[in-house]
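What follows is a set of notes on a single structure, which appears directly below.
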Amino acid sequence: MKKILLFCAALVAAVNMSAEITSMTCAEAKAAALALNSGETGTDSVSVTGYVTYTNGTVSPSRDGNNIPQQVFWMDDQKGTTQTIQAYWCNLPSEEALNVGDKVTIKGFLMNYNGNTAEMKNGDVEIIERVVVKHDTIDVTVCEAIQLGEALSDKEITNDFFTLQGVVSSVKTEMNQYKQESFWMVCDDDEKELQAYNIIMEDSVAAQVGDSVALFGKIQKYGTTIEIISGTAKVTAKGGVTINTYKVSVAEAVAAGMQLERGKTSVDIYIVEGYADSIAYAFSEQYKNMSFYMCDDMTNPTYNFEAYKVSTETAVEVGNKVYVVGNLQHYYKAADGDKPEIDLIEISGGKVYFSDPSGVDNIYMIPIKAVKVIENGQVFIEKDGVRYTILGAQTK
């Protein structure tokens with residue numbers, strides 16, 4: 001009996017030890033995460049303490065349905081800019097954003113993301129020490145904001161906040177359930193663009209092309225893109241810009257997109273019809289989106305048109321015939337080392353509609369009054385299943 005009791009006590013002690021949280025430095029956490037297989041999440045809970053070295057300051061109300069403010073940031077064992085481990089949408093103790101220099105502890109499970117990034121997703125944040133941040137609010141024009149951003153280093157963010165007025169030139173991603181939206185504004189002096197990235201829309205009113213908006217946030221230089229981040233926007237006047245909607249094939253979408261400057265997004269909306277020929281990023285149950293390439297002919301895939309992180313309630317599979325609806329973007333990334341140049345056309349953040357295999361065209365489920373169709377060089381208008389020319393209705 002005594003041996004049995006001793007065995008039970010040892011078993012309980014072992015269970016308690018396995019339940020303990022292992023404390024790690026950022027460097028140790030990175031080594032442990034990268035020791036996992038790509039995409040694998042560790043089974044032991046860990047506690048990582050370090051300094052915030054990068055964040056764009058964006059706080060989301062909730063990214064996984066827990067109604068807790070969340071933020072993405074990077075950490076290192078020393079203050080500075082070294083990005084050792086990423087805290088991906090981790091749970092904050094309040095809605096106040098973390099700043100570079102804050103000392104924090106995150107508790108959760110390590111993950112090897114994509115084989116080269118040490119990450120902790122949805123961990124719990126404890127603030128150990130707040131950095132003192134002094135900032136001003138400065139009123140600027142769109143052109144001045146771009147000039148200030150161009151003087152920054154890559155991924156550098158201003159301490160100061162800025163207010164500005166501008167007109168929306170194109171929408172990158174529509175307003176989501178977190179009231180966040182991304183859109184572009186143009187400097188009239190030189191046609192350079194400023195991106196409002198994941199800006200929270202006040203009054204839950206989405207910004208559309210041609211709308212006048214009042215914008216508040218910090219300036220960041222991200223690669224060659226100048227952004228306003230960590231801020232809010234309010235639509236002050238609705239615009240009168242006419243937006244056309246074109247129904248096109250994949251080849252026609254690529255031809256139209258290539259006419260855009262690299263990095264630019266179309267004002268007009270495109271309904272691109274084609275087949276999914278390969279999956280770039282698998283369907284996310286959490287975010288209800290995925291990325292895939294499209295072609296007109298499954299026997300001749302071209303891989304020059306991508307539906308990137310488009311919204312869909314059901315996963316798209318290779319061979320599915322779909323419609324993808326959104327603004328065209330001419331995506332470009334220069335060659336870097338052994339990485340080749342990327343120059344393709346995409347719809348980013350659009351929506352997917354499945355083509356009914358029975359032959360019933362469900363394109364008219366899309367809430368668009370009329371669609372322009374380019375066919376053999378001639379433009380038709382389709383409305384409620386009927387095709388029109390200047391001569392009147394035509395039989396499909």
(message) Please confirm whether the ring centroid of F161 lies under 6.0 Å from the ring centroid of F216.
(response) yes

(request) Hey, could you give me the NZ/CH2 distance between K155 and W74, rounded to the nearest 0.5 Å? (result) 7.5 Å

(request) For residues V171 and A207, report the shortest heavy-atom separation together with the two atoms involved. (result) CG2-O, 3.6 Å

(message) Assess whether a salt bridge exists between E202 and K179, defined as any Lys/Arg side-chain N lying under 4.0 Å from an Asp/Glu carboxylate O.
(response) no

(request) Using atom types as modelled and distance alone, determine if a side-chain donor or acceptor of N327 lies under 3.5 Å from a backbone N or O of S266. (result) yes

(request) Check whether any side-chain N or O of S291 sits under 3.5 Å from a backbone N or O of K309 as a donor-acceptor pair, and report yes or no. (result) yes

(message) Counting only heavy atoms not in F162 (residues, nucleotides, ligands), do more than 12 fall under 6.0 Å from its CZ?
(response) yes

(message) Could you check whether any side-chain heavy atom of K247 comes within less than 4.5 Å of a side-chain heavy atom of Y323, counting everything from C-beta outward?
(response) yes

(request) Working to the nearest 0.5 Å, report the span between CE of M75 and CG of L98. (result) 9.5 Å

(message) I want to check something: taking the side chain as every heavy atom from C-beta on, are S278 and Y303 in contact at a cut-off of under 4.5 Å?
(response) yes

(request) Enter the distance from I157:CD1 to Q220:CD here, rounded to the nearest 0.5 Å. (result) 4.5 Å

(message) To the nearest 0.5 Å, what is the distance between OH on Y308 and CD1 on I345?
(response) 15.5 Å

(request) To the nearest 0.5 Å, tell me how far S94 OG sits from I68 CD1. (result) 12.0 Å

(request) Taking all heavy atoms of A276 and all of E317, pick out the closest pair and write down the distance. (result) CB-O, 3.7 Å

(request) Please confirm whether the backbone N or O of W184 pairs with a side-chain atom of S169, one donor and one acceptor, at under 3.5 Å? (result) yes

(request) Flag yes if more than 12 heavy atoms outside E174 fall under 6.0 Å of its CD atom; otherwise flag no. (result) no

(request) Report the residue from I146, I228, L215, V167 that forms a side chain to side chain contact (heavy atoms under 4.5 Å, CB included) with M185. (result) L215

(request) Please report the shortest heavy-atom distance between D154 and G223, naming the atom on each side. (result) OD1-N, 2.6 Å

(message) Tell me if a side-chain donor or acceptor on T25 pairs with a main-chain N or O of E28 at a distance below 3.5 Å.
(response) yes

(request) Would you confirm whether H330, through its side chain, and L260, through its main-chain N or O, come within 3.5 Å as a donor-acceptor pair? (result) yes

(message) With a 4.5 Å cut-off on side-chain heavy atoms, are I219 and L152 touching?
(response) yes

(request) Considering only NZ, NE, NH1 and NH2 on the basic side and carboxylate oxygens on the acidic side, decide whether E150 and K192 come within less than 4.0 Å. (result) yes

(request) Say whether, by atom type as modelled, one donor and one acceptor occur between the side chain of D160 and the main chain of T137 under 3.5 angstrom. (result) no

(request) In plain terms, say whether E273 and K321 are close enough for a salt bridge, that is, a side-chain N and a carboxylate O under 4.0 Å apart. (result) yes

(message) More than 12 heavy atoms of other residues, nucleotides or ligands under 6.0 Å from CD of E95: yes or no?
(response) no

(request) Measure from the side-chain N and O atoms of D76 to the backbone N and O of Q78, and report whether any donor-acceptor pair falls under 3.5 Å. (result) yes

(request) Locate the shortest heavy-atom distance separating T265 from Q329; write the atom from each residue and the value. (result) OG1-CG, 3.7 Å

(message) Given 3.5 Å as the limit, does a donor-acceptor pair link the side chain of D77 with the main chain of A27, or not?
(response) yes

(message) Other residues, nucleotides and ligands only: do more than 12 of their heavy atoms fall within 6.0 Å of NZ on K333?
(response) no

(message) Check whether N122 reaches the backbone of W89 with its side chain - one donor and one acceptor, N or O, closer than 3.5 Å.
(response) yes

(request) Please name the pair of heavy atoms, one in M24 and one in V46, separated by the smallest distance, quoted to 0.1 Å. (result) CE-CG1, 4.1 Å

(message) Are more than 12 heavy atoms, taken from residues, nucleotides or ligands other than F305, located less than 6.0 Å from that residue's CZ atom?
(response) yes

(message) Ignoring hydrogens, what is the shortest heavy-atom contact between N114 and S38? Give both atom names and the distance.
(response) C-OG, 3.4 Å

(request) Examine the side chains of T58 and Q71 and answer whether a donor and an acceptor come within less than 3.5 Å of each other. (result) no

(message) So, applying side chain to side chain contact (heavy atoms under 4.5 Å, CB included) with N99, which one of V132, V52, V131 is it?
(response) V131

(message) Looking at R262 and D343, is any side-chain nitrogen of the basic one under 4.0 Å from a carboxylate oxygen of the acidic one?
(response) yes

(request) Any chance you could lay out the side chain to side chain contact (heavy atoms under 4.5 Å, CB included) test for Y353 and V324, step after step, and finish with the verdict? (result) CA-CA 6 Å; Y353 294 82; V324 177; over 6 Å; no

(message) Could you tell me if the side chain of V322 sits less than 4.5 Å from the side chain of M294, heavy atoms only?
(response) yes

(message) Could you check whether any side-chain N or O of T55 sits under 3.5 Å from a backbone N or O of V72, counting only pairs where one atom can act as donor and the other as acceptor?
(response) yes

(message) Less than 4.0 angstrom from a charged side-chain N to a carboxylate O is my criterion; do K238 and D211 meet it?
(response) yes

(message) To the closest 0.5 Å, what do you measure between NZ (K288) and OG1 (T312)?
(response) 9.0 Å

(request) Report, as yes or no, whether the 6.0 Å neighbourhood of atom OH on Y332 holds more than 12 heavy atoms from other residues, nucleotides or ligands. (result) yes

